[in-house]
Colleague: 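To start, I am sharing the structure in question, which I have written as structure tokens.
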Number of protein chains: 2
Amino acid sequence: MKDQEKHIFYRDVQDALDLMRGRWRGAIMASLCGDPKRFLELKADLSPVTSRVLIKELRFLEQNKLITVKRSISAENSVLYAHTEHGSSCGPIILQLRDWAVKHRVIMLESIRGK
Amino acid sequence: MKDQEKHIFYRDVQDALDLMRGRWRGAIMASLCGDPKRFLELKADLSPVTSRVLIKELRFLEQNKLITVKRSISAENSVLYAHTEHGSSCGPIILQLRDWAVKHRVIMLESIRGK
DNA sequence: CGGAATCCCCGACGATACTG
DNA sequence: CAGTATCGTCGGGGATTCCG
């Protein structure tokens, strides 16, 4: 692998992680696996996230076409957040990463106890 | 899924992403797939990372038992960084995430061109 | 209910220089 | 070669308050 290719490769990895970056972004994507959710449902799920931060992350994900936003203009205020088709395809990957991290925690705990 | 379980779940997702968090951590893990590497090899691969930041991330990964550090006391200075067994098992996941992000970029570019 | 506005802190990250 | 030491910035993210 040439130097040029390497840097492209690592940049791609960085780009990938950027999409899931920060304290909440990945958790939001995980939370939207399954049914669409409303703003306060998300906020409750991810508590203790604040409105300000949550809306910022939602906007980011929307701009990156990972989620869609549906506003019901009728009657009471209601906004539904859902995965786009492509957004939902990262669900399984996040689950894998989570499983891996759980295994990792077990290993860490064993090494502490083993001492 | 109860509220309690939910929060555990999302916390696990956060923990997982934390291990790959920041500008370099994921790229370092990707870079160590395959052969072990020396400090300056890593630095060159990941350029333009600085020594200060690189060593900090390497120490983090070492403490979390995702990489090992082998110092050859003999002759010339030489330090080899390599995946632990468990560390290497996240390689495939990172690759998946990367592939997903590359697809994502294509979608984003299409939507811009399409406008 | 679903946000927007404001204020603020601190830790990640970079630049640069130096060392055993 | 493989780091340390020092300094500075910048923005992510929390707390709080207010709005249609």
Side-chain angles (χ1 to χ4, degrees), chain A residues 7 10-11 13-32 35-64 66-82, chain B residues 7 10-11 13-32 35-64 66-82:
Chain A
H7 286 78
Y10 298 130
R11 171 166 287 269
V13 171
Q14 286 178 6
D15 285 354
L17 290 165
D18 275 354
L19 291 173
M20 295 298 129
R21 194 160 171 169
R23 184 167 175 191
W24 304 111
R25 220 167 273 172
I28 292 171
M29 289 304 287
S31 171
L32 286 179
D35 292 336
K37 285 182 180 165
R38 307 175 60 164
F39 185 79
L40 288 191
E41 285 181 295
L42 276 172
K43 190 162 145 62
D45 268 13
L46 302 176
S47 175
V49 71
T50 65
S51 296
R52 178 187 175 283
V53 172
L54 181 55
I55 198 65
K56 208 182 87 193
E57 297 303 329
L58 287 171
R59 295 277 145 82
F60 172 89
L61 294 171
E62 187 190 1
Q63 282 176 18
N64 282 273
L66 296 180
I67 64 172
T68 60
V69 187
K70 282 180 188 167
R71 296 161 200 282
S72 84
I73 318 174
S74 66
E76 78 274 27
N77 272 357
S78 174
V79 181
L80 277 182
Y81 294 90
Chain B
H7 286 79
Y10 299 130
R11 171 166 289 269
V13 172
Q14 287 178 7
D15 285 353
L17 289 165
D18 275 354
L19 291 174
M20 295 298 128
R21 195 160 172 171
R23 185 167 174 190
W24 304 110
R25 220 166 273 173
I28 292 171
M29 290 305 285
S31 171
L32 286 179
D35 291 336
K37 285 182 180 163
R38 308 173 60 162
F39 185 78
L40 288 191
E41 285 182 297
L42 276 172
K43 189 162 146 62
D45 269 12
L46 302 176
S47 176
V49 71
T50 65
S51 296
R52 178 185 176 284
V53 172
L54 181 54
I55 197 66
K56 208 183 88 195
E57 296 305 330
L58 287 172
R59 296 275 145 83
F60 172 89
L61 294 171
E62 187 190 2
Q63 282 178 17
N64 282 273
L66 296 181
I67 64 172
T68 59
V69 186
K70 281 180 188 168
R71 299 163 199 280
S72 84
I73 318 174
S74 65
E76 78 274 28
N77 271 357
S78 173
V79 182
L80 278 180
Y81 293 91

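Residue numbers start from 1 in every chain, and the chains themselves are labelled A, B, ... in the order their sequence lines are given, proteins ahead of strands. Hydrogens, waters and symmetry mates play no part in the numbers below; they use all other heavy atoms, side chains included.
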Colleague: Phosphate oxygens OP1/OP2 of dA12(C): is one of them under 4.0 Å from a side-chain N or O of Arg21(B)?
Modeller: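 Answer is no, no contact under 4.0 Å.
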Colleague: Assess the residue pair Leu61(A) and Tyr81(A) against the criterion (side-chain contact (heavy atoms from CB on, under 4.5 Å)); give the C-alpha distance rounded to whole Å, side-chain angles, the decisive distance to 0.1 Å, and a yes or no.
Modeller: CA-CA 10 Å; Leu61(A) 294 171; Tyr81(A) 294 90; over 6 Å; no
Colleague: Between Gln14(B) and Arg21(B), is any pair of side-chain heavy atoms under 4.5 Å apart?
Modeller: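 In short, these two side chains do not touch, never coming nearer than 4.5 Å.
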Colleague: Which part of the nucleic acid does Arg25(A) contact within heavy-atom distance under 4.0 Å: base, sugar-phosphate only, or nothing?
Modeller: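 Nothing, no nucleic acid heavy atom in range.
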Colleague: For residues Ala27(A) and Val13(B), report the shortest heavy-atom separation together with the two atoms involved.
Modeller: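 Residues Ala27(A) and Val13(B), closest heavy atoms: N-CG1, 4.0 Å.
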Colleague: How far apart are the closest heavy atoms of Asn77(B) and Arg38(B), and which atoms are they?
Modeller: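 Of all heavy-atom pairs spanning Asn77(B) and Arg38(B), the closest is O-NH2, 3.3 Å.
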Colleague: I need the CG-P distance between Asp45(A) and dG2(C), as an integer number of Å.
Modeller: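 Between P of dG2(C) and CG of Asp45(A): 13 Å.
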Colleague: First contact, last contact: which nucleotides of DNA chain D are these for chain B, 5' to 3', heavy-atom distance under 4.0 Å?
Modeller: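 So the outermost contacting nucleotides come out as dC1(D) to dG13(D).
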Colleague: Is there a side-chain contact between Arg59(B) and Val69(B) in this structure, where contact means two heavy atoms from C-beta onward sitting under 4.5 Å apart?
Modeller: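 Result no, sub-4.5 Å side-chain heavy-atom pair not found.
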Colleague: Which one, dG20(C), dC1(C), dA15(C), comes nearest to the side chain of Asn77(A)?
Modeller: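 Minimum distance to the Asn77(A) side chain belongs to dC1(C).
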Colleague: Taking the nucleotide of DNA chain D with the closest heavy atom to each, which residue, Arg52(B) or Trp24(A), is nearer the 5' end?
Modeller: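 The 5'-side residue here is Arg52(B).
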Colleague: Report the distance from atom CE of Met20(A) to atom CG of Leu66(A), rounding to the nearest 0.5 Å.
Modeller: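 Reported value, rounded in 0.5 Å steps: 5.5 Å.
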Colleague: Quick one: Glu41(A) CD to dG2(C) C1', roughly how many Å, whole number?
Modeller: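 After rounding, the gap between these two atoms is 13 Å.
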Colleague: Is a donor on one side and an acceptor on the other found under 3.5 Å between the side chain of Arg25(A) and the backbone of Asp18(A)?
Modeller: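 Checking the backbone N and O of Asp18(A) against the side chain of Arg25(A), a donor-acceptor pair under 3.5 Å is found.
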Colleague: Expressed as a whole number of angstroms, how long is the span from Ile55(A):CD1 to dG2(C):C1'?
Modeller: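 Nearest whole value for this atom pair: 7 Å.
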Colleague: For a quick test of reading the model, state the closest non-hydrogen atom pair linking Ser31(A) to Leu46(A) and the distance between them.
Modeller: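 Looks like CB-CD2, 4.4 Å.
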Colleague: Can you find a pair of side-chain heavy atoms, one from Phe39(A) and one from Leu54(A), that are under 4.5 Å apart?
Modeller: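 Yes, side chains in contact.
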Colleague: Using the closest heavy atom to pick a nucleotide of DNA chain C for each, name whichever of Gly22(B) or Val69(A) lands nearer the 5' end.
Modeller: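 The residue mapped nearer the 5' terminus is Val69(A).
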Colleague: More 5' along DNA chain D: Ser78(B) or Thr50(A), using each one's nearest nucleotide?
Modeller: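 So the residue in question is Ser78(B).
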Colleague: Ignoring backbone atoms, establish whether Tyr81(A) has a side-chain N or O less than 4.0 Å from OP1 or OP2 of dC1(C).
Modeller: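 Tyr81(A) to dC1(C) OP1/OP2: no side-chain N or O under 4.0 Å.
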Colleague: Rounding to a whole Å, what distance do you find between Lys56(A):NZ and dT6(C):P?
Modeller: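 Answer to the nearest Å: 16 Å.
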Colleague: If I take atom CZ in residue Arg59(B) and atom P in nucleotide dA12(C), what distance separates them, rounded to the nearest angstrom?
Modeller: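 Value for this atom pair: 16 Å.
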Colleague: Which whole-number value in Å describes the distance from Leu17(A) CG to dC13(C) P?
Modeller: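 About 12 Å, once rounded to whole Å.
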Colleague: Using a heavy-atom cut-off of 4.0 Å across all strands, would you classify Glu57(B) as base, sugar-phosphate, or nothing?
Modeller: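 Counting heavy atoms under 4.0 Å across all strands, the contact made by Glu57(B) is with sugar-phosphate only.
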Colleague: Detail all sub-3.5 Å separations between protein N/O atoms and N/O atoms belonging to nucleotides 17-19 of chain C.
Modeller:
none

